[in-house]
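Below is one structure, written out as structure tokens, with a few remarks after it.
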Amino acid sequence: MAARRASLTIAAMNTLTSSSATPSDEGASPQLPRIAVLATGGTIAGAAADATNTSGYQAGVVGVDQLLAVVPALSTVARIAPEQIASVDSKDMAMPLWTTLAQRINTLLAEDDVDGVVVTHGTDTLEETAYLLHLTIKSDKPVVLTAAMRPASALSADGPLNLLNAVTVAANAGSRGQGVLVAFNNKIHSARDVVKTSTYAVDAFQSPEIGALGWVQDGRVEFQRSVVRPHTLAAEFVIGANWPHVEVVVSYAGVSRITVDALVAAGVRGIVVAGTGNGSIHASLQQALAYAASQGVAVVRSSRVGSGHVMRNGAAADDALGFISAGSLNPYKARVLLMLALAAGGTGPVALQKTFDTY
Ligand code: ASP
């Protein structure tokens, strides 16, 4: 395995070393904004043994300096301060890395000479990390995540243009105060709304129903709407090392209560259910979740559908059973919010519902 990783890395380096020098503070005008680029891994830093392979590659093996080196135009947009925070496939994202990343971004943005941050990330859990940062970054300076669907070694790799566009958005004055953004395939999305919607398409991210905030193209940035719900400086959450145990379960035909009962026995603090349709739940699962709620476990109803919102069911169900509705958050973003709310001391369905109605 180690040998395979090494040979993939060398293949990636061979592909990339024909490019020009790494953009840096020296190459760029001192008048340009200073943008920290924090690399965490993902397909954007992925490498395969040959350029036609876009599925059998290893994510997170190309370093941040090499990612920057293939985009000389960056030096016309910003002064870049690169940092390698991690080198992971984002399917393996874990909460301690979230803590490290958010704390590092907060430290950087508190410095006068940092004007914004770009995070390179894998696409698989990008929407979760983006929403986590949206709620815990204490600055109105731009934070922009980007990624790629094709590895750095691929023909027509999408990472270099996505990276240039992300830095362009982070360096743009209009991005300030918009919350955490995702720049991907020429679109600018809000961290709250964006979701991955395709397994292989280069246009892999959408903001279902609500649409993107704007676009970035050939150095131009345009916002067409702004984010209404509170975020960053206006959000009450503080990043820390305390991550309450919250899991996601799914409702489907014939589902049993085994998983929920096991989670309650394991002492879980919260359960998000990806319900059918408008957050409806199979009767056997609902019974188990009602028991969980009666034991003090926070139970949040969301939907597995992929778009639309989940209405609170009032006296008919949610009030009686002690459930919370996730509104328009998908199950994975609802889990992020529930963990932060529980970590902040939130407790009981009434207070937690207010949190979900607010964020
Ligand atoms: N598995 C990769 C990751 O999330 C997929 C990608 O980046 O497109 O790191």
Side-chain angles (χ1 to χ4, degrees), residues 1 4-5 8-9 11-12 15-16 37-64 66-68 70-71 82-102 105 117-134 143-167 180-189 191 194-207 248 306 330-333 335-336:
M1 192 63 197
R4 177 170 160 73
R5 185 183 171 101
L8 287 171
T9 306
T15 311
L16 298 169
V37 174
L38 309 189
T40 67
T43 293
I44 192 168
D50 77 82
T52 57
N53 189 341
T54 58
S55 57
Y57 59 89
Q58 188 159 358
V61 293
V62 180
V64 65
Q66 289 171 268
L67 297 185
L68 295 166
V70 295
V71 195
E83 283 184 32
Q84 191 77 45
I85 299 288
S87 298
V88 295
D89 185 321
S90 82
K91 73 179 176 59
D92 298 322
M93 182 54 66
M95 278 86 89
L97 181 50
W98 274 350
T99 301
T100 302
L101 180 64
I105 295 172
V117 167
V118 165
V119 178
T120 62
H121 199 284
T123 59
D124 288 346
T125 56
L126 182 142
E127 69 207 59
E128 296 166 56
T129 301
Y131 189 46
L132 180 271
L133 297 176
H134 190 66
V143 176
V144 185
L145 279 76
T146 197
M149 290 299 285
R150 295 178 182 149
S153 54
L155 276 178
S156 298
D158 52 331
L161 182 56
N162 282 344
L163 179 57
L164 178 62
N165 284 339
V167 172
V180 171
L181 302 170
V182 172
F184 200 90
N185 201 40
N186 293 103
K187 300 261 174 53
I188 306 167
H189 296 271
V194 73
V195 293
K196 185 175 179 180
T197 55
S198 177
T199 51
Y200 285 111
V202 172
D203 191 10
F205 284 86
Q206 312 287 334
S207 297
V248 177
N330 75 13
Y332 320 106
K333 288 179 196 248
R335 175 176 173 267
V336 169

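In each ligand, atom 1 is the first atom listed, and ligand 1 is the first ligand listed.
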Which pairs of N or O atoms, one from ligand 1 and one from the protein, are separated by less than 3.5 Å, and what is the distance for each pair?
unit_1: ligand 1; atom_1: 1 (N); unit_2: D89; atom_2: OD1; d: 2.7
unit_1: ligand 1; atom_1: 1 (N); unit_2: D89; atom_2: OD2; d: 3.4
unit_1: ligand 1; atom_1: 1 (N); unit_2: D124; atom_2: OD2; d: 2.7
unit_1: ligand 1; atom_1: 4 (O); unit_2: S90; atom_2: OG; d: 2.5
unit_1: ligand 1; atom_1: 4 (O); unit_2: T123; atom_2: N; d: 3.3
unit_1: ligand 1; atom_1: 4 (O); unit_2: D124; atom_2: N; d: 3.0
unit_1: ligand 1; atom_1: 4 (O); unit_2: D124; atom_2: OD2; d: 3.3
unit_1: ligand 1; atom_1: 7 (O); unit_2: T43; atom_2: N; d: 2.9
unit_1: ligand 1; atom_1: 7 (O); unit_2: T43; atom_2: OG1; d: 2.9
unit_1: ligand 1; atom_1: 7 (O); unit_2: T123; atom_2: N; d: 2.8
unit_1: ligand 1; atom_1: 8 (O); unit_2: T43; atom_2: OG1; d: 3.0
unit_1: ligand 1; atom_1: 8 (O); unit_2: T123; atom_2: OG1; d: 2.5
unit_1: ligand 1; atom_1: 8 (O); unit_2: A148; atom_2: O; d: 3.1
unit_1: ligand 1; atom_1: 9 (O); unit_2: D89; atom_2: OD1; d: 3.1
unit_1: ligand 1; atom_1: 9 (O); unit_2: S90; atom_2: N; d: 2.7

Say whether D89 and Q58, considering side chains only, have a donor N or O and an acceptor N or O under 3.5 Å apart. no
Measure the shortest side-chain to side-chain distance between V118 and L38 over non-hydrogen atoms and say whether it is less than 4.5 angstrom. no
Is the closest side-chain heavy-atom distance between L181 and V194 below 4.5 Å?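 SC-SC contact between L181 and V194 ruled out.
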Contacts of type side-chain hydrogen bond (donor to acceptor under 3.5 Å, both in side chains), residue K196, not counting sequence neighbours: T123, D124
Under the side-chain hydrogen bond (donor to acceptor under 3.5 Å, both in side chains) test against H121, which residue among T40, T43, T146, T129 passes? T129
Quick check: closest heavy atoms across P151 and G46, and the distance to 0.1 Å? CB-O, 3.4 Å
